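Below is one structure, written out as structure tokens; the observations come after it.
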Amino acid sequence: MKTVLETIDRERPDAEALRRAGEIIRRGGLVAFPTETVYGLGGDALNPESSRKIYAAKGRPSDNPLIVHICRWEDIYQIAEPVTEAACRLAKAFWPGPLTMILNKKELVPRETTGGLDTVAVRFPSDPVAQAFIREAGGFVAAPSANTSGRPSPTLARYVQEDMDGRIEMILDGGEVGIGLESTIVDLTGEEPMILRPGFVTQGMLESVLEHVETDRTILDADCRLRPKAPGMRYRHYAPRGQLTIVEGSQEAVIAGICDRSRQAKAKGQRVGIIATDETAAFYRADSGADRIKSVGSRADEAAVGRSLYRILREFDDEETDVMFSESFSDSGFGQAIMNRLLKAAGHHVEQV
Ligand code: TXA
Ligand code: MG
């Protein structure tokens, strides 16, 4: 299959290209598209055959449910029931935007899309290209992140191309995404609303709208006897090809600890990468002997850190890095999403210094 790459200007999206993309979805094909979080791999959410194709293109286990993307709030009533009061309040506060809600599904949504579950994950993205594309596609687009299963989610169309070239009909290139980490997922089907995956919409933000919101304990916990509630959080996701270790402690101890580990790995002939911050990169340049030192941005700017994390993990992959060391980040607010993805990438390998 030849994969067509269409460049879309966010300010003035080409209506004709979007119409062609929508047409592919209506015919049962697959199109990757930008959202404000990461690129999605879209298919018709109401067509079981499309969902099967998505699983095949990603190499993803078919018991891992897909998110259904909509482009008008009221369309939620066609796919979920009941649409609870909590759902209405969250939608009013955070939609369109980087929040996914889990509700009981209606008949219209095939089980192939929900990985066999009776619940459905629904998201109304804010990206105007995503919205226009979903509209052209018929209103209900199932989309996981547009990476091969086990690789970091794509924040640029180039990375979608790396993973999906020849497997899907079209990629809509809308440039770099704004957030860079996947949406917050909140499950509204239990007694208490529960965060299954942290994201840009934080627990604090959710609690400003709903009184109390729980967080699935497995999100930052290495204890694998606990079973995450979102099937996708079970898999070793976001995994770079090399081994990543997070080094935790005071800033001075972390710099010394990472420099020591880096020199030892170099002595063994390994290719070493360091995930640094603007505040610390110069120290590693002077002392670690690492092959590559990449800054995720300033600690003062968590949004920048979130946006560059997956890109940096992919770059280390492309450079065939054997071992990587990363500093740790605060796990409050948006930092919780950053640490959740970093811990997963590291397979929870953390060393205290
Ligand atoms: O930001 C995002 O959410 C991106 C963009 C493309 O919208 N999408 C995304 O999809 O991250 P995906 O498939 O990579 O991750 C969806 C997660 C998986 O961990 C899946 O198990 C969980 O959502 N999920 C989906 N439906 C669910 C359900 N009914 N119950 C529990 N977890 C569900
Ligand atoms: Mg994903």
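The first residue of the sequence shown is numbered 1, and numbering continues consecutively from there. For ligands, and for the atoms within them, numbers begin at 1 and follow the listed sequence. As the structure is a prediction and not an experimental result, all values here were calculated from the model.
- The contact set between ligand 1 and A143, taken as ligand atoms under 4.0 Å from a residue heavy atom, comprises 8 (N), 10 (O).
- Salt bridge E315/R311: present, at least one basic N to carboxylate O contact under 4.0 Å.
- Close contacts of ligand 1 with N64, meaning ligand atoms under 4.0 Å from a residue heavy atom, involve 18 (C), 20 (C), 21 (O).
- Salt bridge annotation for D127-R10: present, with a cationic side-chain nitrogen under 4.0 angstrom from a carboxylate oxygen.
- Among the backbone and side-chain atoms of S145, an N, O or S atom lies under 2.8 Å from the Mg ion (ligand 2).
- With a heavy-atom cut-off of 4.0 Å, E36 does not touch ligand 1 at all.
- Here's the thing with R123: one of its N/O atoms is less than 3.5 angstrom from an N/O atom of ligand 1.
- A side-chain donor-acceptor contact under 3.5 Å links E36 and S126.
- Contacts classified as side chain to side chain donor-acceptor pair (under 3.5 Å) and involving residues 297-306 (residues at least two apart or in different chains) are given here: E279-S298, R299-E327.
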Review item, side-chain donor-acceptor pairs of residues 19-34, under 3.5 Å, at least two apart:
residue: R19; atom: NE; partner: E16; partner atom: OE1; Å: 3.4
residue: R19; atom: NH2; partner: E16; partner atom: OE2; Å: 2.9
residue: R20; atom: NH2; partner: E6; partner atom: OE2; Å: 2.5
residue: R26; atom: NE; partner: E136; partner atom: O; Å: 2.7
residue: R26; atom: NH2; partner: E136; partner atom: O; Å: 2.8

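- Every atom of ligand 1 is numbered from 1 in the order shown, and the set under 4.0 Å from a heavy atom of I67 is 3 (O), 8 (N), 9 (C), 10 (O), 16 (C).
- Of all the atoms in ligand 1, the ones that sit under 4.0 Å from a non-hydrogen atom of S145 are 8 (N), 9 (C), 10 (O), 12 (P), 14 (O).
- Atom numbering of ligand 1 starts at 1 in the shown order; those under 4.0 Å from a heavy atom of L117 are 28 (C), 29 (N), 30 (N).
- By the 4.0 Å N-to-carboxylate-O rule, R271 lies too far from E319 to be salt-bridged with it.
- For the residues L181, L41, I185, I102, the heavy atom positioned nearest atom 23 (O) of ligand 1 is part of I185.
- Applying the 4.0 Å criterion to heavy atoms of T119 picks out, from ligand 1, the atoms 28 (C), 29 (N), 30 (N).
- Nearest approach of T3 to G166, heavy atoms of both residues: OG1-N, 2.7 Å.
- Between R341 and E182, at least one side-chain nitrogen of the basic residue sits less than 4.0 Å from a carboxylate oxygen of the acidic one, meeting the salt-bridge criterion.
- Those atoms of ligand 1 that come under 4.0 Å of a heavy atom in H69, given as number and element, are 5 (C), 6 (C), 7 (O).
- Near S183, with a cut-off below 4.0 Å to any heavy atom, the atoms of ligand 1 are 1 (O), 2 (C), 3 (O).
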